[in-house]
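One structure below.
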Amino acid sequence: MAHDHRQPGPALLPVFAFGLALSLFLAFSYVLCVIGYLLFPGNLINHSALAIFLPGFELLSWRTFFLGLGESFAWGWYVALVFGPLYNFLASRRG
């Protein structure tokens, strides 16, 4: 009876689950940020800084709210589709 002495490989990142989770996390965080602005408009946090990462976003109309929500979701997929395969490739090449 032969024994397999190979060590198990690294756990690979499931890109679809990672993309969906990250996109929902960023969308949820975006909504919390907008709610924070609506509840505390004079807060020290500069919510207009969202425009740096969300092109076309301005405080605050329904059109730009949904634009920012969509862009937040898209950023999650962008990160997942770039980071996920890179991580899996590098993890699989580990010594």
Side-chain angles (χ1 to χ4, degrees):
M1 178 179 217
H3 293 285
D4 190 0
H5 294 290
R6 290 182 296 166
Q7 293 181 354
L12 297 181
L13 187 65
V15 175
F16 181 80
F18 180 59
L20 191 55
L22 186 57
S23 293
L24 290 172
F25 167 76
L26 291 176
F28 180 75
S29 299
Y30 167 78
V31 170
L32 283 180
C33 187
V34 170
I35 289 171
Y37 167 75
L38 293 173
L39 293 176
F40 309 104
N43 197 357
L44 297 176
I45 299 171
N46 185 2
H47 296 278
S48 61
L50 289 170
I52 295 170
F53 299 102
L54 306 173
F57 176 81
E58 297 174 7
L59 285 172
L60 187 65
S61 70
W62 283 110
R63 183 186 73 75
T64 60
F65 170 78
F66 286 113
L67 175 65
L69 185 62
E71 288 175 335
S72 297
F73 195 82
W75 270 111
W77 276 107
Y78 168 74
V79 171
L81 292 174
V82 173
F83 177 80
L86 283 173
Y87 173 84
N88 288 341
F89 173 74
L90 294 171
S92 68
R93 296 181 49 90
R94 183 180 72 141

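Since we're looking at a predicted model, the values are computed, not measured.
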Within one Ile-Leu-Val-Met-Phe-Trp-Tyr cluster: [X] and [Y], side-chain cutoff 4.5 Å:
{"X": "Leu67", "Y": "Ile35", "value": "no"}
{"X": "Leu90", "Y": "Tyr87", "value": "no"}
{"X": "Tyr78", "Y": "Leu22", "value": "yes"}
{"X": "Phe28", "Y": "Leu24", "value": "no"}
{"X": "Phe18", "Y": "Val15", "value": "no"}

Other than Leu12, which residues form its hydrophobic cluster under the rule that side-chain heavy atoms must be closer than 4.5 Å?
none
Say you draw a straight line from CH2 of Trp77 to CG of Leu26; how long is it, rounded to the nearest 0.5 Å?
12.0 Å
Please report the interatomic distance CD(Glu71) to CZ(Phe53), rounded to the nearest 0.5 Å.
12.5 Å
Minimum heavy-atom distance between Phe57 and Gly68, given as atom pair plus value:
CD1-CA, 4.3 Å
Heavy atoms of Leu13 and Gly84 approach each other most closely as CD2-CA, 3.9 Å
Derivation of the side-chain contact (heavy atoms from CB on, under 4.5 Å) call for Phe65 and Val31
CA-CA 9 Å; Phe65 170 78; Val31 170; 4.2 Å; yes
Find out whether [X] and [Y] are in side-chain contact, i.e. whether some heavy atom of one side chain is under 4.5 Å from a heavy atom of the other.
{"X": "Leu20", "Y": "Phe73", "value": "yes"}
{"X": "Trp75", "Y": "Leu54", "value": "yes"}
{"X": "Phe89", "Y": "Pro85", "value": "no"}

By side-chain contact (heavy atoms from CB on, under 4.5 Å) - contacts of Ser92 (at least two apart):
none
Selection residues 55-68 - residue pairs positive for side-chain hydrogen bond (donor to acceptor under 3.5 Å, both in side chains), sequence neighbours left out:
Ser61-Thr64
